[in-house]
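Everything numeric in this text was worked out from a predicted model, so none of it was measured. Nothing fancy with the numbering, it's 1 onward along the sequence.
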Amino acid sequence: MKKLLFSFLTMLVALGAKADEGMWTLYDLPQAVYEQMQGYGYQLPYDQLYKADDAIMKSVVCFSGYCSGVVVSPDGLVFTNHHCGFEAIRSHSTVEHDYMLNGFCAKSFEEELPNENMFVAFMVDQKDVTDELMKQGLGTMSEKERSIFLDSIENEMSKQLKAKDSTLRLELKPFYEGNRYFATTYRDFTDLRLVFTIPKSMGKFGGETDNWMWPRQTCDFSVFRIYADPKTNGPAAYSKDNVPYHPEHWARISDEGYKEGDFSMTIGYPGSTSRYLSSYGIEERYVQNAIRAQVRGVKQEVMKRHMDASEAVRIKYDSKYAQSSNYWKNSIGMNKCIDSIQLIQQKRDFEKTLQQWQKNSGFLAGKLNFDKMKELYGQRIKLMEAYMYWMETFRRTDELSTRAMFVHNGASPVGKGKRQRITLKDNSETFDQATDCEILGTLLQNFRQQMTQKQYLSAVYELIDKQFDGDCQKYADFLYAESKLMKKGARLYPNKKSFMKDPGVWFGFELTDMMNQLREGMQKINDSIAIQERYLCDAKIRMEQDLPHYSDANMTMRLSYGQVKEYNLGGKPSGYFTAAPSMVEKMKTGDRIEDYKVEPEMIPLMESAGNMNLCFLTTNDITGGNSGSPMFDGKNRLIGLAFDGNWDSLSSDIFFDSHLARCIGVDIRYVLFMMDKWGHADRLINEMKR
């Protein structure tokens, strides 16, 4: 067995030396990883990544908590993806001034458009605080005690930090499935203004036809600017008196391009991966993916029909549709990949090896138990199935359901005693009632058809059968017409008996009750599963202790390194970049394929670009949240923006296949071409050259 284990570890080391897998924290980047980066062509000292005054990480931002971005000028210009700025662009769009459809270019600082609820965050510091927490007893706590303890520690650390500098905030997050804890300090800027966006036809070129696919020609970028307090150059709430922020460091742009084999590095904020996940966890994820794809497919058909019929509806639902369809297709692709590479069986085989190692070493004896893990997941799967159908059917899918649950979960009554009331904010500009009502009716019917566990929402369907002849759409029409929840300016009085008589409020109670039942049922199992998954991660790292290991993504800053490189699928090379003629060819099919339809002037514009590179492939590791991540060359110069992964590796959130996994980026020269030739944004281009 020792010989077998030695051979296994030797194989891992060999694979580790070649694979570009990894989302590495920068403050403690392993020397072995840095040396491999040098072997690929990174040319700068180690300190230029994190520690130096002009370290490249200082130019990278978390964009509004869901994407990444990069500062590219001394006046705080930020590049991110077009789809990351989608909601900001939509919110400023009207039928008369449709910036989503036609694009936007501010010709002066005064024309730059402010945005509510958006921010960029700069990481200031990060450190491992696990040993300090262990000294205070973290290792002996139950999951509930651990949660309460960590919250209190985070609050205390934040309080101490803000006492020194009120512009900072702190997050305490688990790494390595909760085996380690890092404290990360950020500085947030909340005055973020839209500066430039190209028309949707270019920023989302290829639409759902090309999403997650290669080859790509999408010009996926948008431009924002950070504004700051004029006296301190620090964070400030929006004010007309704020001025452009002057950053410590910004990324310089390269116009030299790249060739196959060149070094490429991304730095960004990947959202979530689960590569330490057990085979049983992957089986559960497979079920979740299938449900997400099924429900969203039904919902999107309704949305698309209404969007096609009305420009006003399209503007309101463009962003919602894009967000829904992105992970609809991702779920389909991930399950396809899980099947094609037999990932569950691969994990089972690895777990057998790990079990044998555990038996020989005695590590976590009596704690890590694969039979127990299997049993726990078996108990949770039915609850998880029902919960996923509930989430995909009712959570943020239509306005009535959202309001109905809000009055039971989060609404704060105004006034005292008999004068208590709930007043709902008028957000009618964000939804269309006819569209939303049909979505609710359609999804109610779909929920009834798909759910095998008929005990859930039984009271709702009994009412539908009794009063609406089983017609879910009639019930949805009734709710929208009769509930005060949908009446502009209406007030609900939760201390009166009439509160629960409102049909929308009653419906919200039934939804909330089902959600609570499912959450309570799963909570009894979740903690035990989390403990077993934590042990599994710990055992894997201990068995492979001669290899560097990165933690799963958790929306903290990570570095990924690799090379510009094509891939081979079924003997056919992919090519490592696309050029303008390939886009022109697609544009000319726009009369037949809607996702390739562009404004008439775009075809001669792209014909004038000659053989300019548009998008390119690298072996960098990518997942959701990485969108907008800067792609740097070996001299820390910006060569592109990451915006997608490829269809053939959509299982990479749970398993990285170094042969197939690719990051798709938009070439920075394509970005500048559109800013120059279409947008005539001379002031912005000159600003980046300073």
Side-chain angles (χ1 to χ4, degrees), residues 17-22 33-45 48-49 56 70 72 79 210 213-221 251-268 559-569 571-585 606 608-622 626 628-646 648-649 656-676 688-689:
K18 295 179 182 178
D20 304 324
E21 173 180 356
V33 172
Y34 173 69
E35 290 172 2
Q36 188 164 340
M37 290 169 59
Q38 287 181 306
Y40 276 7
Y42 187 67
Q43 300 176 38
L44 299 181
Q48 290 296 122
L49 293 169
I56 194 61
V70 59
V72 293
F79 280 174
D210 285 358
M213 297 296 185
W214 180 260
R216 294 292 285 280
Q217 296 83 11
T218 315
C219 197
D220 201 341
F221 84 100
R252 270 61 175 187
I253 291 171
S254 171
D255 60 2
E256 295 180 13
Y258 44 80
K259 62 183 183 300
E260 188 162 24
D262 280 356
F263 176 83
S264 174
M265 171 177 69
T266 60
I267 301 177
L559 174 151
S560 168
Y561 67 93
Q563 295 172 297
V564 177
K565 191 175 183 180
E566 67 178 5
Y567 66 101
N568 194 295
L569 188 65
K572 185 178 180 181
S574 66
Y576 69 91
F577 71 95
T578 56
S582 67
M583 187 177 200
V584 173
E585 185 179 344
M606 294 310 299
S608 75
N611 287 315
M612 179 180 70
N613 286 27
L614 304 181
C615 298
F616 63 109
L617 292 175
T618 73
T619 58
N620 293 119
D621 208 343
I622 185 173
N626 269 132
S629 294
M631 305 176 76
F632 297 112
D633 66 11
K635 297 179 180 179
N636 283 355
R637 298 178 303 181
L638 188 66
I639 58 173
L641 300 172
F643 71 88
D644 211 351
N646 58 319
D648 307 295
S649 64
F656 186 89
D657 186 333
S658 60
H659 297 292
L660 294 178
R662 292 296 182 269
C663 170
I664 304 173
V666 55
D667 193 307
I668 201 65
R669 295 169 295 179
Y670 183 18
V671 168
L672 295 178
F673 174 85
M674 292 302 298
M675 292 181 72
D676 179 20
M688 288 183 277
K689 292 179 179 178

message: The test is side-chain contact (heavy atoms from CB on, under 4.5 Å); show your working for Gln563 and Thr618 and say whether it passes.
response: CA-CA 5 Å; Gln563 295 172 297; Thr618 73; over 6 Å; no

field: Trace of the side-chain contact (heavy atoms from CB on, under 4.5 Å) decision for Val70 with Leu641
entry: CA-CA 9 Å; Val70 59; Leu641 300 172; 4.0 Å; yes

Restricting to non-hydrogen atoms, name the atom on [X] and the atom on [Y] that form the minimum distance, rounded to 0.1 Å.
{"X": "Ala580", "Y": "Ala609", "result": "CB-CB, 4.0 Å"}
{"X": "Pro573", "Y": "Gly571", "result": "CD-O, 3.7 Å"}
{"X": "Gly610", "Y": "Pro581", "result": "O-CD, 3.3 Å"}
{"X": "Asn636", "Y": "Gln48", "result": "ND2-O, 3.5 Å"}
{"X": "Gly562", "Y": "Thr619", "result": "CA-OG1, 3.2 Å"}
{"X": "Val564", "Y": "Phe616", "result": "CG2-CD1, 4.5 Å"}

- prompt: Can you name the salt bridge (Lys or Arg N to Asp or Glu O under 4.0 Å) partners of Arg252, sequence neighbours left out?
  reply: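 Per chain and number, Arg252 pairs via salt bridge (Lys or Arg N to Asp or Glu O under 4.0 Å) with no residue.
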
field: Pairing residues for Asp633 by the salt bridge (Lys or Arg N to Asp or Glu O under 4.0 Å) criterion, not counting sequence neighbours
entry: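 By the salt bridge (Lys or Arg N to Asp or Glu O under 4.0 Å) rule, Asp633 matches Arg637.
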
From CA spacing to verdict: side-chain contact (heavy atoms from CB on, under 4.5 Å), Ile664, Phe643: CA-CA 6 Å; Ile664 304 173; Phe643 71 88; 3.5 Å; yes

Do any N or O atoms from the side chain of [X] and from the backbone of [Y] form a donor-acceptor pair under 3.5 angstrom?
{"X": "Asn620", "Y": "Ser264", "result": "yes"}
{"X": "Ser574", "Y": "Tyr567", "result": "yes"}
{"X": "Asn646", "Y": "Trp214", "result": "no"}
{"X": "Ser254", "Y": "Ile639", "result": "no"}
{"X": "Gln217", "Y": "Leu614", "result": "no"}

message: Centroid separation under 6.0 Å, is that true for the rings of Tyr561 and Tyr42?
response: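 No, the ring of Tyr42 stays outside the 6.0 Å limit from the ring of Tyr561, centre to centre.
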
Could you give the distance from [atom1] ([X]) to [atom2] ([Y]), rounded to the nearest 0.5 Å?
{"X": "Cys615", "Y": "Tyr576", "atom1": "SG", "atom2": "OH", "result": "14.0 Å"}
{"X": "Met37", "Y": "Phe263", "atom1": "CE", "atom2": "CZ", "result": "4.0 Å"}
{"X": "Asn626", "Y": "Asp621", "atom1": "CG", "atom2": "CG", "result": "7.5 Å"}
{"X": "Ile668", "Y": "Tyr258", "atom1": "CD1", "atom2": "OH", "result": "10.5 Å"}
{"X": "Tyr670", "Y": "Thr578", "atom1": "OH", "atom2": "OG1", "result": "8.0 Å"}
{"X": "Leu44", "Y": "Phe632", "atom1": "CG", "atom2": "CZ", "result": "11.0 Å"}

Does the side chain of [X] reach to within under 4.5 Å of the side chain of [Y], using non-hydrogen atoms?
{"X": "Glu256", "Y": "Arg669", "answer": "no"}
{"X": "Ile56", "Y": "Ile267", "answer": "yes"}
{"X": "Met631", "Y": "Met265", "answer": "no"}
{"X": "Phe577", "Y": "Leu617", "answer": "no"}

field: Contacts of Arg216 that satisfy side-chain hydrogen bond (donor to acceptor under 3.5 Å, both in side chains) - sequence neighbours left out
entry: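 Partners of Arg216 by the side-chain hydrogen bond (donor to acceptor under 3.5 Å, both in side chains) criterion, ordered by chain and then number, come out as Thr218, Asp644.
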
field: side-chain contact (heavy atoms from CB on, under 4.5 Å) between Arg662 and Glu566, intermediate numbers included
entry: CA-CA 8 Å; Arg662 292 296 182 269; Glu566 67 178 5; 5.9 Å; no

query: Around atom CG of Asn568, are there more than 12 heavy atoms of other residues, nucleotides or ligands at under 6.0 Å?
result: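 Enclosed: over 12 neighbouring heavy atoms sit under 6.0 Å from CG of Asn568.
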
message: I'd like to know whether CD of Gln43 has more than 12 heavy-atom contacts from other residues, nucleotides or ligands below 6.0 angstrom.
response: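 Yes, the 6.0 Å shell around CD holds more than 12 heavy atoms from other groups.
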
